[in-house]
Each structure stands twice: as structure tokens, then as C-alpha cells.
2 protein chains.
Amino acid sequence: MTVIFSKKCELALQAVLYLSVFDEETYFTATDISKRLKIPKEFLSKILQSLAVHSIVVSKKGKSGGFTLGRPLSEIRLIDIVIAMDGLDIFHKCVLGFKGCTVEKPCPVHEKWGKLRDLTYRMLSEDTLLEIREKSIDKIKSIHSINESASVFAHTYSSRSYN
Amino acid sequence: MTVIFSKKCELALQAVLYLSVFDEETYFTATDISKRLKIPKEFLSKILQSLAVHSIVVSKKGKSGGFTLGRPLSEIRLIDIVIAMDGLDIFHKCVLGFKGCTVEKPCPVHEKWGKLRDLTYRMLSEDTLLEIREKSIDKIKSIHSINESASVFAHTYSSRSYN
DNA sequence: TTAATATAGGATTTATATATCTGTTAATAA
DNA sequence: TTATTAACAGATATATAAATCCTATATTAA
């Protein structure tokens, strides 16, 4: 096993990127999103609940309810989702698993790995959902065109502006 | 959960780094190593067996048996251990978990992450155990001085040259 | 040759993450 | 006001990794 983010985190990122493609204030149900992204609905529900706790998304119960982003695109970064789902462990723990890995007692790759870790953190922090939106649109489109007919996709999009 | 390498891989790296500190051809039992590194013996045994399959270590059964490195320090790199234990998945799978993440259908962080991934691979590949040996010695020393008395440590080292 | 030792290999147990199920609560369209 | 919808919350089930256990086999010191 070699994981970087947990499954929860991956799916959270996917769901948030999905929402970022559409208008703010447009609510999508967990069922909706799970179908689009082809991921288990029940599991996604839990994940969206966690994201709601961190106010990365907001939820609305009942008819015409669902989830939408909790803040403007320009105020959400990938690192926010990662921290919400997996915490900051990945940026603190020794990559070799040594217990007392510090500046005083560094592991053999301490310094090099530190730089890499900083780069990772920066990469997840520097852009907001707004800056990567074009890429997100392309990706969500491509998933659609793989999973379902292009017409269904077109319909969905025509009912929700995305530019 | 946020893992980069599996526990197996972490412990494998630790064990190999441990062996790299001592003379070639010096055999350490799994029990020995597990005590030094404070890691479960049975688990470590399995790990060492896997490493033996990949000839990163060689084993000797019976009295005065144990494990030692299977090649000169200058011919073992951290990436060898990582590949042996966890494979190359980490360098291939989409970090966001998207199924069809390719150059044609890239995820929103495809390019940036690719660079990071390459850097990681390079970092694990560029040095051999020989080049990082001084650092390994320091680290193993520090574990020792934490876990056991300095005298025990001194004894162990005096009976095995490490320079 | 024998007793002691240490790896080898399979089976089993434990822990954790992932996934599902069930009933409840809140919201809203009709 | 009511039926319907969808999130919410807790319990349960499944999958996988991590850790342990047990027996067999090989090696060697005595």
C-alpha cells in the first residue's frame, strides 16, 4: 500500500472540484454527485458531512436540498480540503517512520524530504479553486463523456452556466 | 489516514539503513534488529524475507545466522527498497484519485503533481546507502542513546567497526 | 551426531479504513 | 398542512493492512 491522501480525502477533493465547476448557490445532492463521479453514495454523504463541518461546503436539507460550496471559489484551496480530511500529519511525520525525527536528530533524508514536503504544501496552497477552474471543467467534462452520453452532459451544462 | 509509504516499507527502510551502518558480511538476527529499532520482531521477519526475495538483503539460517545487505552500499538506493515493498503505484496513480488521469485527460493538478513526483523519485534514487551513511550512523546512534544506555551502545560499536 | 538457533512459510488474529444500512430530522413543494 | 425529499447520525459490515502465532527446515557450534 502506498497512499498519499486517504480515499476520503481523494473523494472530497473530487467532490469539491465538481462543485467548483458550477454556479455558486447551486445545490447538488449527494446522490447526484456520486453518480457523476461514479463513487459510492453513502460514503460520499459522510465525506460531504465532514466538509460541511469545516464549512468548505454548506448543506440544505429536504426537497431541493443538497450541497454547495461554502465559500467563493477564490477562498477555497486544495490544502483546505486536505487538512479537513487528513489533517497535517503528512507534513509533520518522518517519511521513514522514525519516531524522534527532529532537526537535532534528523533521519538520513530529513532535509531533502523537508524541501519536498514544503513544495507539496505550497502546491496545494498557492492556487484557489478559481485559478484551476478551467482545468476542473475539462476534467469533469471528460469524466462525463466517458461515463455517459454527451447529450446528457450537454443538457446538464446548458441548465447551469459554467463560464 | 495519510500515508506515503506503507508501514512495511518504512520498517524495511529503517532495517536497511540499520544494516548499512555496520560492516558488510556482518549478520544480524531479526530479533537483534527489532530490539534496536523497537519494532515488532515477527513483522520485521516478514519484511526481511521480502527484502531477501529482492536480494536487497541475504539471509543465513541457523546458528550465527541472520541478515546482511545483499549488495555493496554503493549499489543500494532507497528507491530499491520502496519499489520492493510498495511497488511503483505511488509514481503512477492520480493523486486526486481520478480514474482516467492522463496527459490527454489531466486532472487539475496533473502537471504540478507530476513534477513533484519526479522530484520524489529522483530524491530516492540519486544517493546510494554509501553517500548517506554518515547521516545513517548519526541517526542509528541517536536511537540507541534514547532507547538504551550509552555504554551498551559503545560496546556494540566497538565490536564492529563503523568507519 | 546432536542440541541449539534462526530463517521460512502458512495460518490466524487484530486494527483500521472503507463502505453500507437503518431510522430520524429538517425543509419545501404542492 | 401534508407528502416527499434529502441531509443527518449512529450502528453495522466488509476489505485491507498490520501484527502475531505455530511448525518446519536449514545451519552450525559443541
Side-chain angles (χ1 to χ4, degrees), chain A residues 1-15 19 25-70 85-87 89-90 93 97, chain B residues 1-15 19 25-70 82 84-87 89-90 93 97:
Chain A
M1 185 199 54
T2 311
V3 175
I4 292 188
F5 303 132
S6 68
K7 200 82 193 167
K8 273 183 193 170
C9 189
E10 285 183 1
L11 300 188
L13 287 162
Q14 290 189 26
L19 291 175
E25 304 289 319
T26 306
Y27 285 77
F28 285 85
T29 69
T31 306
D32 246 350
I33 302 171
S34 72
K35 277 183 188 159
R36 303 298 195 192
L37 297 175
K38 300 275 181 191
I39 59 186
K41 182 223 159 189
E42 307 294 348
F43 195 32
L44 178 64
S45 295
K46 295 288 186 199
I47 290 164
L48 288 166
Q49 279 178 45
S50 300
L51 289 173
V53 169
H54 291 83
S55 58
I56 290 165
V57 303
V58 290
S59 65
K60 204 162 74 179
K61 279 188 173 181
K63 245 177 181 173
S64 78
F67 297 89
T68 193
L69 293 179
M85 302 306 294
D86 285 346
D89 269 17
I90 191 181
K93 283 205 317 177
Chain B
M1 187 200 51
T2 313
V3 175
I4 292 188
F5 303 133
S6 68
K7 200 81 192 169
K8 273 182 193 169
C9 188
E10 285 184 0
L11 300 188
L13 287 163
Q14 289 188 26
L19 291 174
E25 304 289 319
T26 305
Y27 285 77
F28 286 85
T29 68
T31 307
D32 246 350
I33 302 172
S34 72
K35 277 183 188 160
R36 302 297 195 193
L37 297 175
K38 299 275 179 188
I39 60 185
K41 183 221 159 189
E42 306 294 346
F43 195 31
L44 178 64
S45 295
K46 294 289 185 199
I47 290 164
L48 288 166
Q49 278 178 47
S50 299
L51 289 173
V53 169
H54 291 84
S55 57
I56 290 166
V57 303
V58 291
S59 64
K60 206 161 72 177
K61 278 187 174 182
K63 245 177 182 172
S64 79
F67 298 89
T68 194
L69 293 179
V82 171
M85 303 306 295
D86 286 345
D89 269 15
I90 190 179
K93 283 205 317 176

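Per chain, numbering begins at 1; letters A, B, ... match sequence-line order.
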Through what angle, rounded to 10 degrees, does the axis of the helix from C:dT1-D:dA30 to C:dA30-D:dT1 turn between its ends, using five pairs per end?
10°
Quick one: [X] [atom1] to [N] [atom2], roughly how many Å, whole number?
X       : N      : atom1 : atom2 : result
A:Asp86 : C:dT16 : CG    : P     : 16 Å
A:Leu37 : C:dA19 : CG    : P     : 14 Å
A:Tyr27 : C:dA29 : OH    : C1'   : 17 Å
B:Phe28 : C:dT7  : CZ    : C1'   : 17 Å
A:Phe43 : D:dA13 : CZ    : P     : 18 Å
A:Lys8  : C:dT16 : NZ    : P     : 13 Å
B:Leu11 : D:dA18 : CG    : P     : 9 Å
B:Glu10 : D:dA18 : CD    : P     : 9 Å

What's the shortest heavy-atom distance between [X] and [Y], and which atoms?
X       : Y       : result
A:Phe67 : A:Leu19 : O-CD2, 3.8 Å
B:Cys9  : B:Val82 : SG-CA, 3.7 Å
B:Gly65 : B:Tyr27 : O-CB, 4.0 Å

Let's see if you can work this out: which of C:dT18, D:dA7, D:dA19 has an atom nearest to the side-chain heavy atoms of B:Pro40?
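That would be D:dA19.
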A:Lys7 side chain: which of C:dA17, C:dA19, D:dA7 is closest?
C:dA19
If the condition is side chain to side chain donor-acceptor pair (under 3.5 Å), which residues does B:Thr2 pass it with, not counting sequence neighbours?
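Counting only residues at least two positions away or on another chain, B:Thr2 forms a side chain to side chain donor-acceptor pair (under 3.5 Å) with A:Asp86.
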In B/S/- notation, 5' to 3', how is nucleotides 22-30 of chain D contacted by protein heavy atoms closer than 4.0 Å?
---BBBBS-
Heavy atom of residues 45-55 of chain B under 4.0 Å from DNA chain C: which residues?
B:Lys46, B:Gln49
Please identify each residue that fulfils side chain to side chain contact (heavy atoms under 4.5 Å, CB included) with A:Lys46, with sequence neighbours left out.
none
Residues in side chain to side chain contact (heavy atoms under 4.5 Å, CB included) with B:Ser64, at least two apart?
none
Ranking B:Ser6 and A:Lys41 by the position along DNA chain D of their nearest nucleotide, the one closer to 5' is A:Lys41
One pair to check against side chain to side chain contact (heavy atoms under 4.5 Å, CB included): B:Lys35 and B:Thr31. What are the steps and the verdict?
CA-CA 6 Å; B:Lys35 277 183 188 160; B:Thr31 307; 4.0 Å; yes
Which is more 5' along DNA chain C, the nucleotide nearest A:Leu44 or the one nearest B:Phe67? Just name the residue.
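Result: B:Phe67.
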Between [X] and [Y], is any pair of side-chain heavy atoms under 4.5 Å apart?
X       : Y       : answer
B:Leu48 : B:Ile33 : yes
B:Phe28 : B:Arg36 : no
A:Asp89 : B:Met1  : no

For the atom pair OG (A:Ser6) and CE (A:Met85), what is the distance rounded to the nearest 0.5 Å?
6.0 Å
Go through the steps to decide whether B:Glu10 and B:Ile4 satisfy the test side chain to side chain contact (heavy atoms under 4.5 Å, CB included), and finish with yes or no.
CA-CA 9 Å; B:Glu10 285 184 0; B:Ile4 292 188; over 6 Å; no
